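Written below as structure tokens is the structure these notes are about.
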Protein chains: 2
Amino acid sequence: MNLKELARKLDLSPTTVSRALNGYPEVNEETRARVAAAARRYNYAPNSRAIRLATGKAMAIGHVIPIAARHEIVNPVFADFIAGAGETYSRSGYDMVLTVVPDMDEERVYRELKARGTVDGIILHAPRLQDARLALLTEIGFPFVVHGRVTEATLPYSWVDVNNRRAFLRATEFLLDLGHRRIGLINGLEFMDFAFRRRSGFEQALAARGLTPDPALMASDEMTETAGYRAASRMLGLAAPPTALLVSSMISAIGARRAIQDRGLTLGRDVSVIIHDDELSYLRNGEAVPIYTATRSSVREAGRLAAQMLLDIIADPASAPQQRLLEAELIIGQSTGPAPQA
Amino acid sequence: MNLKELARKLDLSPTTVSRALNGYPEVNEETRARVAAAARRYNYAPNSRAIRLATGKAMAIGHVIPIAARHEIVNPVFADFIAGAGETYSRSGYDMVLTVVPDMDEERVYRELKARGTVDGIILHAPRLQDARLALLTEIGFPFVVHGRVTEATLPYSWVDVNNRRAFLRATEFLLDLGHRRIGLINGLEFMDFAFRRRSGFEQALAARGLTPDPALMASDEMTETAGYRAASRMLGLAAPPTALLVSSMISAIGARRAIQDRGLTLGRDVSVIIHDDELSYLRNGEAVPIYTATRSSVREAGRLAAQMLLDIIADPASAPQQRLLEAELIIGQSTGPAPQA
DNA sequence: TGTTTTGTCCAAAGCGGTTTGAAAATGATT
DNA sequence: AATCATTTTCAAACCGCTTTGGACAAAACA
């Protein structure tokens, strides 16, 4: 069933039927009702391919998921971020187009997405401290919103981010207040912008108390269970091991926990741990009482907000870039306690 | 830059240019070369919206991600499955369209996807023991491939699945051979087809040794850390606790491990654990030596295969339904050992 | 030499909508 | 009753490609 057929059945022109369904004013309310009824009756839904060609809009947003060539790791927060973004898109009749790309190919993919008109805008994932994609997307004229920030950007751009620096600053202060002095940081890869900011919050908190960070107590790697285990193991094996760990993700923390237990230590008593919790739906941080003390911020909510921001920008391309900084809450769980006496 | 413009620059008709670029034989090799050169030079890529309308194909595959209304849980294997499928799609010039849907709305969404012609086929995720979506998709005439199976299906359909029953059968036998007699099963929700099959493998192995499964040693819930913890805690607190656990996912196992340690028990000595490992990229089961003894099967590979199967079916709609059963390997890690003497 | 065949190219008709510009029908005004 | 304004409807152009059904020239054949 297409527009022409439906029009024929109604003894109306396609023009009128189209306008009736799209709420244009120049159509008699009575006929509009007739049209609506017939559309429902014949189960008519306008062909999206035709709409897209006619309007010149793709009604779709692109999410490019870069796969690190070396490790083949899919960022575990994607699933929830995308679930959030997807909610927003459904409400607005947009589709979400996912493209999985080996990370060297990203530029080609963006250019093609634009040239072929497959999507109207882009959500930029996993930004780096300096990120060539910002200039690229601006150059090719794609509306886009970054999930995260790009510290070394020169031009304004739209983003949704968590206040990573402040979250880690507060977490560090919390540990310092508990008497911890040797605090280990198990961070993500520090060419990633969020990881860089987290370290800077950590260092700033130490500096404020006149402490200098010990390079041996800082690790930067993929945020996997294995990497978390490795980093924690190494630190706990030092002559002067840390009494507390600041861990960049729930998943690394699982590894860190394993390392702690392998050494016969007890989490929250011998070693305190604070994590950053993205509220991944399949890795909830406990139920009533959180397992881990954590800085918490919902990545799904970030997805909703970023998607909405992008749709707003597409609706009004002349608007100035928008920003949204989310604050993480510091929630107290069972993984932290006062520093053990030396 | 569009086809007409490019044709004008070349002093050719759009017809010829189109044919030259699409490899049709009725065009002089010399002009084909000219066209190709010009296309590259002017950075021409055909508008995908126009192609789609003209050919009547969407060149896109739909993945509908149902969100359980209660728990808002995104299946953690999605990310990797989709990464695999995405690889296949890119190679074939297909897009991947993701739709996030509250699970009651699925039917409406499939019908709309079809009526609007947004996608050419569907990958069906998370099938149930009996699943109305099979009949629905068949009725509306969508080519589709199921990731998993539908035990109570009446008609043939295409699927890619792991031999869950045999995997859990073998895992159980392995534990029995180690002398374990009280084995707990921490399973996914058993209206899900894979979970049902896993339990049946478990029970079959017990039955083969004349053992009857103890209902107190079987749990069925979401495969989250929390649920894994809860189930393991409960079982270990029984008067006659299990000496081994069969756990349906890496994530539940993390919870189970926490429960084991909370009770002061040691994994692999006091309590053996075998998991099913989907090889999630951010939750690798150790490196050289696996942490957990596991039945292992790559969900990413399943994604690749399912996507390819669907593309094949779309290319040849008359073909018979295809099936692909993957065997899981049983890999030995550090989480299992002989049953402790009572 | 005239007729076929083959190799190249093109005009025009879709695909299924939206949108512009004009026509027809109705109502209001004189 | 004639004129003008307002509603309501429609025909046709357009979006940017693919594809059908020739057209035309050169080569092959009779």
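Chain A is the first sequence line, chain B the second, and so forth, proteins listed ahead of strands; every chain is numbered from 1. Computed from a prediction, not measured in an experiment: that's the story for all the values here.
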Any donor-acceptor N/O pair, T99(B) side chain to V64(B) backbone, under 3.5 Å: no

Sequence neighbours excluded, which residues qualify as ring pair (Phe, Tyr, Trp, His ring centres under 6.0 Å) partners of H147(A)? F81(A)

Expected output is a numbered-order residue list: members of residues 52-59 of chain B with a heavy atom under 4.0 Å from any atom of DNA chain C. What is it? L53(B), A54(B)

Side-chain donor/acceptor pairs under 3.5 Å, residues 33-42 of chain B, sequence neighbours excluded:
residue, atom, partner, partner atom, Å
R34(B), NH2, L10(B), O, 2.6

Ion pair check, E139(A) and R133(A), cut-off under 4.0 Å: no

Taking the basic N atoms (NZ, or NE/NH1/NH2) and the acidic carboxylate oxygens, is any pair closer than 4.0 Å for D95(A) and R52(A)? yes

In residues 34-49 of chain A, what residues come within less than 4.0 Å of DNA chain D, judged by heavy atoms? none

Is the backbone of R128(A) close enough, under 3.5 Å, to the side chain of D131(A) for a donor and an acceptor to pair up by distance? yes

Could you list where the contact with chain A starts and ends along DNA chain D, reading 5' to 3', using a 4.0 Å heavy-atom cut-off? dT8(D) to dG16(D)

Contact boundaries of DNA chain C with chain A (under 4.0 Å, heavy atoms), 5' to 3'? dG16(C) to dG21(C)

Partners of N75(A) by side chain to side chain donor-acceptor pair (under 3.5 Å), sequence neighbours excluded? none

Report the residues that fulfil side-chain contact (heavy atoms from CB on, under 4.5 Å) with L53(A), sequence neighbours left out, ordered by chain and then residue number. A50(B), L53(B)

From R19(A) atom CZ to T31(A) atom OG1, the distance as rounded to the nearest 0.5 Å: 12.0 Å

Restricting to pairs with a member in residues 4-41 of chain B, which pass ring-ring contact (aromatic ring centres under 6.0 Å, His included), not counting sequence neighbours? none

Tell me whether E112(B) is salt-bridged to R108(B), with the criterion being a basic N under 4.0 Å from an acidic carboxylate O. yes

Residues in residues 21-32 of chain A with a heavy atom under 4.0 Å of DNA chain C, by number, are N22(A), Y24(A)

Check whether any side-chain N or O of R324(B) sits under 3.5 Å from a backbone N or O of D161(B) as a donor-acceptor pair, and report yes or no. no

For the residue pair Y89(B) and H63(B), does the interplanar ring angle fall in the parallel (under 30°), tilted (30 to 60°) or perpendicular (over 60°) class? perpendicular

Quantify the bending of the helix from dT1(C)-dA30(D) to dT30(C)-dA1(D) as the angle between its end axes, each fitted on five pairs, to 10°. 60°

Test your reading of the model: is there a side-chain donor-acceptor pair from D80(A) to the backbone of R300(A), 3.5 Å cut-off? no

Is S158(A) reaching over with its side chain to a backbone N or O of V145(A), donor-acceptor style, under 3.5 angstrom? no

Ion pair R8(A)/E5(A), N-O distance below 4.0 Å: no

Can you list the residues that meet the side chain to side chain donor-acceptor pair (under 3.5 Å) rule with R32(A), with sequence neighbours excluded? E29(A)

